Amino acid sequence: MLILIKFLRDVPAVLGAVIVLSVAALAVVAPLVASPEAVFDGNLLERLQPPSSVHLFGTDNLGRDICARVMVGSRGALLVALSVVVLAVAIGVPAGLYAGYTTSWGSELVMRITDVFLAVPQLILALAIAQLIGKGLESAMVALGLTYWPFFCRTVYAETRRVRSTLFVDALEGIGASRSRILMVHVLPNVASPVIVRATIGMGFTILTTAVLGFLGIGATPPMPDWGLAIAESREYLPDSWWAVTFPGLAILATVLGFNLLGDGLRDLVDPRLRRSR
Amino acid sequence: MGRFILRRMLFVVPSLLGLLVLTFVMLRVLPNDPSAALAGENATPAQIAAVRTAYGFDQPIWKQFAVYLKQVVHADLGTSIVTGRPVVADIALRLPATIELTFCALLFASAMGIPIGTLAAVWHNSVFDHAMRIVTVGGLAIAAFWFAIILQLVFSMSLDWLPLRGRISVGMPEPAPVTRLLLVDSLLAGRLGVFRDALLHLVMPALTLSLGGLASIARFTRAGVLDTLQKDFVGYAEAAGYRRSRIIWVYVLRNSVVAATTQIGLLFGALISSAVAVESIFDWPGIGSYAVKAILTSDYKAILAVTLVVGVIYAIVNIVVDIVHALLDPRVAESL
């Protein structure tokens, strides 16, 4: 309870939580509000209309309603980011637990592989891997997940090392608890909070990266209502149709901002060392 | 100090070697038929067979890796299927543009981020601090490619203050290539008109690129200054009657920023990543836009070469940053 009160006092974090919840709610109701005609078919007679009461954000070059497309686009953005983060957690957390708890050559190998992945900026490596497994959104998702897990691995490794040297783990080993029991029941809950913080910020980060891939034409393909792709498609109609570029970008900004503010707030909550500085 | 530099350099050898293995695996092992991947999408079976023997894909895998290592050591990363030139030559030609851009972005980010972070720490929990928190978190949340387009929309398309794209105006004679950094070359040639033109072209890409870095620098400067403010020597300096501004901007800042320099190495990775999209938008002839073109044309050798080169530069930057850090703070060199 105390922790909830503390969280609610942190205005930016609450703002972040509100944004994230709103975007999630929007993603759920979007198909009910926005008709497939407005999102995919459009009306060529109404192409490139400025924002009005009928088309709140205006229309794009094919006469599709931008407001409807931005709303439906939130589904894709959240789904992709969630899949990427889940994939990265699914690889990174077990790898980090293993490498942090054991001191075999396998542990050394895992950490050296992590080093290699961190030796190149994530986007560059993801581009190369996406290229390898083919174009399209699925391969972009796999590429992002395969390049993001080392960040989780590092975090979990450091935390596991810390927990491993504590007295209660020694005691558990002493009374004969199995290694898997110690890891799953005792170590995992202790490393969970930094992972949750990383995953929250990672959601925002991945939405941003996916948008870049969509914009470059490597991720989502037309006619998907992807935010990054929409910006790329509308770019040639500048400067006259500024709305077609502006609103998808604002949607990215708001969503990522929400996840970052929330992640920041969560970090302050779970890391007492940082709490002092505020 | 020499020992520190040597040890620091030895540190990166395993990860660079690992990177070589990774690119090798991606180049030769993972594709179902690497010969087909290398020959390109529209290759005939005869061409694929020619590639297979030319690259020795019929050889055992460890032999192939040895050949690959030898090629890398000789800076032979293959020929681009698009430009028809060695990818190393392509990258060497484009690298200075990216270096110029990222360096200016980093400079701007530091020049703005450090004072902002310091002020936010000095006035922490004030309105300024809260506003800065939202702005810096926002800076990390903004899509660089979108921000670039909005800048283009406002400052070149609407106001016509800045050039829309490119590195230099069409028709403007380029200065003799000495460093291939246009700002430096134009000054060396004493051509102020070219310098001004290049600078104007640089403003928007550098500003876009610096945004994320600015936010990060402001954030870690703030954390560092807050930490240092609680040290005993600050209380001593106050008791000794130094002016507050001198304490903060000289003693506190020096002690906090030194520790933060290591972050700049990490920032460089983020800068290179956003440079990929930003360079494409501004038609900046660097390796970021080269990488995008390589991907869109399935130019497999080019994209892996970019990966390798960026990895090496990243390692060099981090070594340099650590050396600078050790020079500024000798305790670091001793601890390694």
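Throughout, a chain's letter reflects where its sequence line sits, starting with A, and its residues are numbered from 1. Nothing here was measured: the structure is a model prediction, and the numbers come from that model.
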For chain A, the option from B:Ile303, B:Val12, B:Val137 that forms the most heavy-atom pairs under 4.5 Å: B:Val137
Side chain / backbone / both / neither for B:Leu304 at chain A, heavy atoms under 4.5 Å: side chain
A:Ile129 portion near chain B, given a 4.5 angstrom heavy-atom threshold: both
Contacts with chain A made by residues 270-279 of chain B (heavy-atom distance under 4.5 Å), listed by residue number: B:Ile272, B:Ser273, B:Val276, B:Ala277
Set of residues satisfying side-chain hydrogen bond (donor to acceptor under 3.5 Å, both in side chains) with respect to B:Ser15, sequence neighbours excluded: none
Option in A:Asp264, A:Ile218, A:Asp115 with maximal non-hydrogen atom pairs under 4.5 Å from chain B: A:Asp264
Part of B:Ala143 lying under 4.5 Å from any heavy atom of chain A: both
Exercise: identify the closest heavy-atom pair between B:Phe145 and A:Gly228: CZ-CA, 4.1 Å
Largest heavy-atom contact set with chain A, pairs under 4.5 Å, which of B:Ala141, B:Ser280, B:Ala121: B:Ala141
Proximity breakdown for B:Leu22 and chain A, heavy-atom pairs closer than 4.5 Å: side chain
Heavy-atom pairs under 4.5 Å with chain A, option from B:Val154, B:Ile142, B:Leu17, B:Ile295 with the top count: B:Ile295
Close contacts, residues 244-259 of chain A versus chain B, judged by heavy atoms under 4.5 Å: A:Val245, A:Thr246, A:Gly249, A:Leu250, A:Ile252, A:Leu253, A:Val256, A:Leu257
Residues which pass side chain to side chain contact (heavy atoms under 4.5 Å, CB included) with B:Ser158, listed by chain and number, not counting sequence neighbours: none
Structural part of B:Val292 lying under 4.5 Å from a heavy atom of chain A: side chain
Under 4.5 Å from any heavy atom of chain A - which part of B:Ile281: both
Interface residue of largest heavy-atom contact number with chain B, from A:Leu123, A:Leu15, A:Val116, under 4.5 Å: A:Val116
Intermediate values then yes/no, side chain to side chain contact (heavy atoms under 4.5 Å, CB included), B:Gln152 and A:Leu238: CA-CA 9 Å; B:Gln152 281 186 328; A:Leu238 286 175; 5.8 Å; no
Considering all heavy atoms, the nearest A:Trp242-B:Leu153 contact: CB-CD2, 3.6 Å
Step-by-step side chain to side chain contact (heavy atoms under 4.5 Å, CB included) determination, B:His130 to A:Val11: CA-CA 10 Å; B:His130 289 311; A:Val11 178; over 6 Å; no
Interatomic distance, A:Leu208 atom CG to B:Trp146 atom CH2 [nearest 0.5 angstrom]: 11.5 Å
